[in-house]
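Let me begin by presenting the structure, written as structure tokens, before commenting on it.
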Amino acid sequence: MRTETGQDVRLEDYKPTAFEIETVDLTFRLNPERTIVTSRLSLRRRSGAEKNSPLVLDGDELTFAGLKINDVAADESRFTATPSKLEVRDLPATEFFTLEITTEIAPVSNSKLMGLYRSSGVYCTQCEAEGFRRITYFLDRPDVLAIYSTRIEALAAEAPLLLSNGNPGETGDLGDGWHYAVWHDPHPKPSYLFALVAGDLSVVRDSFITKSGKPVALEIYVEHGKEAQASYAMDALKRSMKWDEDRFGREYDLSVFMIVAVSDFNMGAMENKGLNIFNDKYVLADADTATDADYANIEAIIAHEYFHNWTGNRITCRDWFQLCLKEGLTVYRDHEFSADMRSRPVKRIAEVRLLKAHQFPEDSGPLAHPVRPVRYSEINNFYTATVYEKGSEVVRMLATILGLKEFKNGLDLYFSRHDGDAATIEDFLACFEDATGADLSQFSVWYHQAGTPVITVGSNYDASERTLKVEIEQSVPATPGEERKKPMHIPLRFGLIAADGAEIEATGIAGVTTHGDVMHLKKRRHEIVFKGIQSRPVLSLNRSFSAPINIRYEQSSSDLSHLARFETEPYSRWQALNELAMRTLIAAAKSARAEKAVECGPALVESLIATLADDKLEPALRGQAITLPSEADIAREIGNNIDPDAIYTARNAVLDRIAADGSGTFSEIADTILPDEPYRPDADSAGRRALYLACLGYLTRTDTSAEDLLPIFRSADNMTILSGLLGLMAHRFPGSNATETALAEFEKRFSKNPLVIDKWMSVQATVPGSDTLGRVKHLMATPHFSIDNPNRVRALIGSFAAGNPTGFNRLDGDGYTFLAEQIVELDSRNPQVAARILTAMRSWKSLERQRREKARAALGMISGQESLSPDVRDITNRMLGQ
Ligand code: B3K
Ligand code: ZN
């Protein structure tokens, strides 16, 4: 939000409120067009607050319907009410007083899906970040913590189920078909954690006994008929609760924990106290409709929202600048959970791929911002990969620097010192300093400085002196508004590997402080000497991706192949292979750009096939090893003057070469790797399916045709193989009869299941090439699509813009014009979703000139609209550098 004067909100302007709100008693009389909300607030003037200063409460599109001060109707001279503000003057001079505010809202016409809205006939809420002010006037900021009681009144036929935060209280009949329920949440919370759900849903029940013996009722609410699809989510919830007790000593604190799945939701899920609300995509799963990736996402998001109960709810954020305090830390916790539930190295590869695909481009483009920003114009635009994913990497680095034991001590202090607080990043870091004695002042730069650090590395082995000299220089590229950068504390895991693959221990290391296998880069330049090295070693840097940085190190292909073969840490083995692949692909893209033949040397092909054939490695890792960097990854590494068509051509040429040389191995694995049992979503079987599909992808480049794939598609007994095959056919053999048949059969079979139809739309929206835009437009005109449903919009328009480099970046610019038109349309309905989808263009400045100019024109078209939401206005302005 902008302040009243239209200025950005600035961290330096933070001031506590003059009033505290101790209790909030809400009454909702639910009606789709006209819901009446009464909010009774007990206020307390803080000591030292000005006696006659007014109280200004936030609102957003509210209809004011009444105000009482200390139970007496307020005279109109004492307040001003607009849709966006309620200002109350001449307040009682006493320390304590009450306000009772009545508002009217229309859930059915709330297309922004913020505040109270309807999703398939169910009333539900979304309040983070500033949605509560769309329900009632309030001090709608995270440092105002109150105890909430909520009474919900509704027609029993329309809403037999009435839920809110906390523990259930009285229920009863009101006559005339109306009934009510009361909920009380004993834990003080900010307004963004308020939730209400009312409607007709089914419940799946289970229970959990906490480690101190308290029973907790677990309830997952879904549409009637979908109960069986909630069992995996329930299992993930119980595992999350147990894991948080075992790993971090965190216990649940209410008698009931509820999850509600809704079909219209702006993001993944929301951690409202005791009443999580989820996008149904991240709850519902069975073998027929969900892929392995869906299962993994459900597990991770259920865990993430549950973990927020401590990191976010019990300890919340003082202001929205501190968002990473809850998000970065909670992402770190869900990453660790998934690593423990599944395969740690495979999980790490997925994290790094995601970070590089989303956060690195954000950090190097016009939307770059620090993990802890200092200003914003629209807070919803700061729920970014930087705050979440880089925020998590910063917490991971803290654990690396302190060691797991000390990290845990710091976190324990944080939980005990700040329980019940609205805290800051400074509070968080102080706990680690106080618990361990460490000085984290330089480390804190990670929170304050935007941009991905780069280290430039040179190395030289001196056989006569038996030393390896390594020079490392660090720098951080300039980001918007931040030219000069400070040196950072970079914890770099390293290893030295001998010619026979053995790990080498130096007898001494000079020029940098090391702890075990971590070197602590703190200066702009380090000259490091490893002593007592008997033969030329290969240096392995940033093992396990210990720091979220870029490395420029001219390591030879044979050294990278050596690491790909001998690295003992599976993640780092993948990292070396990936680096080798990236180099080959960049060189290939340059050749393709210059219209020269694309070369692919033997080093990459041999290393890939050797890794693929190494059956000591788990299948998922082998699948990752042969999955080349994406077209977008290659574009990011090249960095400027991007021609997506040249990258596509080059990548295909490299894939063809690997496919030709490895065809025997690919078919042997494809024939044998699938689990020989009915579908189970566990990590090992999922890894086998991923490897199978990756091999099949290569085989389509040699002798497997669309016609060969069709019977496999038809006989698949699970959605992973089914949608994987559909994707392969659509992308490798677009327009072929077999592909069109598969698409038609898939559509027919799942036409009643929008979440599965989303996959069908995404597959088609990501078919490479300039013809896809026409297909996307056609799909938008079918009944499968609805511009009002965020999942549909993301599946079709979002996948096209963010997941189809050649299709979206058509040379004629029609992809950009199409997106601009959709953004304008979407913005009038749901600004948050519009702004998020528009970020697909965040790297437009790296495109070659012709496309860049077309992209600029499309952004200019959006920017020229008279009426734009603050959300889209902010993204457009920043992308255009205004
Ligand atoms: N905290 C919510 C995100 C809210 C986004 C508001 N624009 C979900 C999560 O991160 O767990
Ligand atoms: Zn979160």
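Just follow the structure's listing: the first ligand is 1, and inside any ligand the first atom is 1.
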Is it true that some N/O/S atom of E327, main chain or side chain, lies under 2.8 Å from the Zn ion (ligand 2)?
yes
Using a 4.0 Å cut-off to any heavy atom of M267, which atoms of ligand 1 qualify?
4 (C), 5 (C)
Relative to the heavy atoms of N380, which atoms of ligand 1 are at a distance of less than 4.0 Å?
6 (C), 7 (N)
Can we say E223 and K226 salt-bridge, meaning some charged N sits less than 4.0 Å from an Asp/Glu carboxylate O?
yes
If we number the atoms of ligand 1 from 1 as shown, the ones under 4.0 Å from a heavy atom of K326 are 1 (N)
Specify the protein heavy atom at minimum distance from atom 8 (C) of ligand 1: its residue, its atom name, and the distance to 0.1 Å.
A269 O, 2.9 Å
Any ion pair linking K759 and D294 (charged N to carboxylate O, less than 4.0 Å)?
yes
Return the residue, atom name and 0.1 Å-rounded distance of the protein heavy atom closest to atom 6 (C) of ligand 1.
E128 O, 3.3 Å
Name the one of V37, T103, V56, D58 that satisfies side chain to side chain contact (heavy atoms under 4.5 Å, CB included) with Y137?
T103
Subset of ligand 1 atoms that lie under 4.0 Å from at least one heavy atom of E271:
1 (N), 2 (C), 8 (C), 9 (C), 11 (O)
Determine whether P186 and N167 make a side-chain contact, defined as any pair of heavy atoms from C-beta on separated by less than 4.5 Å.
yes
Heavy-atom proximity to atom 10 (O) of ligand 1, picking from Y192, Y388, Y383, F278, points to Y388
H308 heavy atoms, cut-off 4.0 Å: which ligand 1 atoms fall inside?
9 (C), 10 (O), 11 (O)
Under 3.5 Å, is there a donor-acceptor pair between the S111 and N830 side chains?
no
Check E305 against N276 and note the closest heavy-atom contact, atom names and distance.
CB-OD1, 3.1 Å
Quick one, S263 with S120, criterion side chain to side chain donor-acceptor pair (under 3.5 Å). Give me CA distance, side-chain angles, the key distance, then yes/no.
CA-CA 7 Å; S263 49; S120 304; 3.0 Å; yes
Quick check for you: with the Zn ion (ligand 2) as the vertex, what angle do NE2 of H308 and NE2 of H304 span, to 10°?
100°
Does Q126 reach ligand 1 with a nitrogen or oxygen that is under 3.5 Å from one of the ligand's nitrogen or oxygen atoms?
no
Close-contact set for ligand 1 against M270 heavy atoms, below 4.0 Å:
1 (N), 2 (C)
Indicate yes or no: does R873 engage D827 in a salt bridge with an N to O separation below 4.0 Å.
no
